[in-house]
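A quick write-up on the structure given underneath.
Just the heavy atoms: all of them, side chains too, but no hydrogens, waters or symmetry mates, feed the values below. A note on names: the letters A, B, ... follow the listed sequences, proteins ahead of strands, and every chain is numbered from 1.
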Amino acid sequence: MNSPEPNSNDLLTSSQLKALEAESIHIIREVVAEFEKPGLLFSGGKDSIVMLHLAVKALQPAKLPFPIVHIDTGHNFPEAIEYRDRTAKNLGIDLVVGSVPEALESGRVQASTLPGASRNRLQTPVLLDTIRDRKFDAVFGGARRDEERARAKERVYSFRDEFGQWDPKNQRPELWNLYNGFTNTGQHIRVFPLSNWTELDIWQYILEENIELPSIYFAHEREVFERDGMLMAYSEFLKPENGEKVFTEKVRFRTVGDMTITGGLKSDAETLEQVIAEIAVARVSERGASRADDRTAEAAMEDRKREGYF
Amino acid sequence: MELLRIATAGSVDDGKSTLIGRLLFDSKAIYDDVLDSAEQHSRRQSSEYFNLALLTDGLKAEREQGITIDVAYRYFSTPKRKFILADTPGHVQYTRNMVTGASTADVALIIVDARHGVVEQSRRHAVIGALLGIRHVVVCVNKMDLVDFKEEAFRPIQDDLHALLEELEIESHHFIPISALEGDNVVEKSDRMPWYEDGPLLPHLENLELSDLTQDAPFRFPVQYVIRPLSNQYHDYRGYAGTIASGSVEVGQEIAVMPSGATTTVTHIESPDGEVTSAGEAEAVTIRIADNLDISRGALLSSASERPTSDNTLDATVCWMGERSSLRSGAMLRIKHATHTARAMVNELQCKIDINHVSVTEASEELKLNEIGQVTLRTSEPLVFDQYASSRGTGSFILIDESTNETVGAGMIGRPPYLGEIGS
């Protein structure tokens with residue numbers, strides 16, 4: 001078989017990805033140089049995987065000087081947890097887990113009894129506790145500005161007060177590549193090195209760098225049921241109600257979140273190239289397609305972010 | 001082609017958000033669910049037509065008030081190019097947001113309402129763009145549908161701004177008559193303005209050539225971080241990590257280590273993908289050198305033949321961004337310049353610049369929020385810098401309030417040639 005000729009479109013993508021990569025590496029190095037105790041939020045989702053990949057590249061050949069941090073709702077895809085543990089082990093770095101089930105057990109947080117409630121919102125107090133307990137002064141997050149319109153206003157260095165709150169109307173101006181990381185005790189900075197990446201950039205970079213992803217990102221057969229137009233994975237954490245029928249479907253997931261709120265898409269895309277081809281023509285945003293949490297209110301994300309969410 | 005960073009500014013009614021909504025919509029960067037959500041909001045506000053602007057306003061307060069408050073970044077791409085658009089409000093009370101958006105942009109997109117002609121705000125956008133070193137300006141004369149697509153509405157605006165852009169020494173400028181609402185000359189060429197012979201906006205942005213002035217600039221590399229693996233495998237490894245601010249570097253090149261001025265030779269350049277023999281502007285690399293010199297964060301590796309200035313006094317144009325304080329002579333601040341943080345004292349506030357008429361300056365006791373002036377600073381340690389006009393990366397700085405930690409100022413080293421004499 002002949003290898004295909006590189007076309008101008010491939011070259012274009014490559015130069016853009018290199019520019020985004022360089023910008024992200026610059027941000028990661030600033031944080032490592034200026035902060036005493038950074039941590040990197042890692043969910044086993046594609047954005048945090050790319051962020052970790054960039055951090056490794058930014059500091060090679062040295063080992064990462066900070067831990068990865070996972071806020072575990074206890075309802076995660078086993079494939080993502082396995083990936084998380086293996087990644088930490090391979091890189092020889094610490095894994096810090098903030099556990100929602102433990103916080104529920106100790107009474108630190110209360111589960112909502114409302115129908116349709118998930119543990120999504122419970123992650124915020126657990127995240128803030130973890131940041132405080134570990135004395136993190138900078139926390140890397142994989143959020144992108146193209147994800148959601150409240151995120152479009154977020155800084156690369158996003159200041160959080162003693163309560164972990166984000167104040168969208170009172171953000172520090174951010175100019176050139178000069179980031180202001182000064183904080184007082186108890187405050188911290190959320191750092192978003194992927195701010196300028198789009199979903200498609202992430203996928204193309206994964207392809208170009210040949211980065212391994214958890215298997216749930218690729219089409220596979222799974223027991224699902226339909227809820228609010230999304231295909232929810234049938235699991236011990238989420239069962240059908242009101243006559244919702246369980247059936248087997250070939251699906252893939254576009255984001256990796258809590259199993260109870262992350263919907264799958266009917267898909268035949270088993271390879272990265274096929275996934276990218278599907279995304280390039282997709283007409284629904286990844287949050288709209290697969291996150292029940294963002295559908296609840298027009299400003300759902302802004303509200304959660306103000307409280308200290310990722 | 002590289003990605004293109006665009007800064008735009010506009011006021012409530014000139015149709016900026018509509019234009020951006022149109023660009024995103026027509027380049028299919030908007031997903032259906034986002035459209036639905038904006039549509040629902042439109043309906044709640046009982047708008048007559050679908051409000052494209054709602055696609056871009058992100059915060060609740062912005063949607064309620066129908067204005068853009070903060071800088072928002074938008075992303076769209078065509079098969080030819082990826083675009084990052086910094087969308088900022090245009091009102092004078094948001095000058096600092098405009099300055100912020102312009103600081104990283106290659107192109108300024110200025111929007112003028114065809115019915116009102118060049119207003120103060122249009123001039124202000126041009127001046128801020130020029131001060132921030134933007135070399136390319138595209139002027140969209142919008143709402144041509146409301147002036148019957150007449151050339152007579154377009155030409156006076158073009159003539160008026162043309163003169164200003166020349167005075168500001170903008171390298172390339174281009175004028176396009178459009179209707180963002182109806183889509184004329186945004187993505188597709190309009191057939192309602194046969195007198196306009198050039199192409200529409202999007203193809204112009206796709207094909208805009210950015211001059212490579214900085215490729216020939218002298219090599220500048222602020223050291224961010226020293227990588228020392230402290231492992232057996234890399235026992236003696238010591239790499240200087242950073243992003244090339246200007247120029248290029250190659251293995252074997254003689255370089256100077258600033259501020260000490262010691263010279264050494266580059267032995268290795270490591271890119272994110274491994275060793276390379278040379279690297280250019282904006283690349284994030286790790287450099288290793290032949291000699292064991294004392295180099296830490298804040299140092300700058302430089303071309304040995306063309307060295308930057310090393311001084312503890314500097315003359316700069318500053319935009320004040322502090323809400324609760326003002327800049328006055330004698331004020332003490334933190335300064336972050338490249339990778340170096342020091343303390344700075346305001347030696348003198350030379351003058352305030354009228355950003356609506358850039359050649360006019362006036363003496364002033366203080367710079368308040370959103371005001372721009374020319375200052376002399378003295379720093380606690382020498383800074384290694386260039387003029388902003390020749391290097392954004394080594395010619396820019398931010399000022400930080402020592403008690404609140406807020407970013408209160410943005411500075412560009414040097415004095416723009418088009419500024420009037422002080423007191424004129």
Open item on the list: Between the side chains of A:Lys57 and B:Asp273, is the shortest nitrogen-to-carboxylate-oxygen separation below 4.0 Å, so that they form an ion pair?
Closed with: yes
Task: Donor-acceptor under 3.5 Å (A:Gln60 side chain, B:Pro272 main chain) - done: yes
Task: Under 3.5 Å side-chain donor-acceptor pair for A:Asn196 and B:Tyr75 - done: yes
Open item on the list: Could you walk me through whether B:Ser396 and A:Leu178 satisfy the side-chain contact (heavy atoms from CB on, under 4.5 Å) test, starting with their C-alpha distance in whole Å, then the side-chain angles of each, then the deciding distance to 0.1 Å, before giving a yes or no?
Closed with: CA-CA 9 Å; B:Ser396 58; A:Leu178 297 174; 4.0 Å; yes
- [ ] Identify the heavy atoms of B:Glu406 and A:Arg172 that sit nearest to each other, and give their distance.
- [x] CA-NE, 4.3 Å
Task: Region of B:Leu132 that comes under 4.5 Å of a non-hydrogen atom in chain A - done: side chain
Open item on the list: What I want to find out is whether B:Glu283 reaches A:Lys18 closely enough, with some N-O distance under 4.0 Å, to be called a salt bridge.
Closed with: no
Task: Value rounded to 0.5 Å, distance of CD1 in B:Ile84 from OG1 in A:Thr198 - done: 9.0 Å
Open item on the list: With rounding to the nearest 0.5 angstrom, report the OG1 to CG distance, B:Thr104 to A:Asn177.
Closed with: 9.5 Å
Open item on the list: Quick check on B:Val226 against chain A: is it the side chain, the backbone, both or neither that has a heavy atom closer than 4.5 Å?
Closed with: neither
- [ ] Let me know if A:Asp201 has heavy atoms under 4.5 Å from chain B in its side chain, its backbone, both or neither.
- [x] side chain
Task: Exercise: identify the closest heavy-atom pair between B:Thr100 and A:Pro173 - done: OG1-CB, 3.9 Å
Task: Contact winner vs chain B - A:Arg155, A:Glu30, A:Glu209, heavy-atom pairs under 4.5 Å - done: A:Glu30
TODO: Tell me, for B:Ser271 versus chain A, whether the close heavy atoms (under 4.5 Å) come from the side chain, the backbone, both or neither.
DONE: backbone
Open item on the list: Given heavy-atom pairs under 4.5 angstrom as the criterion, report whether the side chain, backbone, both or neither of B:Ala105 touches chain A.
Closed with: neither
- [ ] Might you point out which heavy atoms bring A:Ala62 and B:Ile227 nearest each other, and give the distance in Å?
- [x] CB-CG2, 3.9 Å
Task: B:Gln224 side chain to A:His26 backbone, donor-acceptor under 3.5 Å - done: yes
TODO: Please confirm whether the backbone N or O of A:Trp176 pairs with a side-chain atom of B:Ser103, one donor and one acceptor, at under 3.5 Å?
DONE: yes
- [ ] Establish, for the pair B:Arg334 and A:Phe182, whether the NZ or CZ atom is under 6.0 angstrom from the six-membered ring centre and no further than 45 degrees off its axis.
- [x] yes
TODO: Output the option from A:Val32, A:Ile25, A:Asn170 having the highest count of non-hydrogen pairs under 4.5 Å with chain B.
DONE: A:Val32
TODO: Could you tell me whether the side chains of B:Asn405 and A:Asn180 share a donor-acceptor contact shorter than 3.5 Å?
DONE: no
Open item on the list: Can you tell whether the side chains of A:Glu23 and B:Arg5 come within less than 4.0 Å, N to carboxylate O?
Closed with: yes
TODO: Find the distance between NZ (B:Lys82) and OG (A:Ser15) and round it off to the nearest 0.5 Å.
DONE: 11.0 Å
Open item on the list: Are the side chains of A:Glu174 and B:Thr407 in contact, using a 4.5 Å heavy-atom criterion?
Closed with: no
Open item on the list: Quick check on B:Ala241 against chain A: is it the side chain, the backbone, both or neither that has a heavy atom closer than 4.5 Å?
Closed with: both
Open item on the list: Tell me whether A:Glu34 is salt-bridged to B:Lys336, with the criterion being a basic N under 4.0 Å from an acidic carboxylate O.
Closed with: yes
Task: Side-chain heavy atoms of A:Pro61 within contact of B:Tyr237, under 4.5 Å - done: yes
- [ ] Tell me, for A:Ser24 versus chain B, whether the close heavy atoms (under 4.5 Å) come from the side chain, the backbone, both or neither.
- [x] neither
Task: B:Tyr225 six-ring centre to A:Arg29 NZ/CZ under 6.0 Å and within 45° of normal - done: no
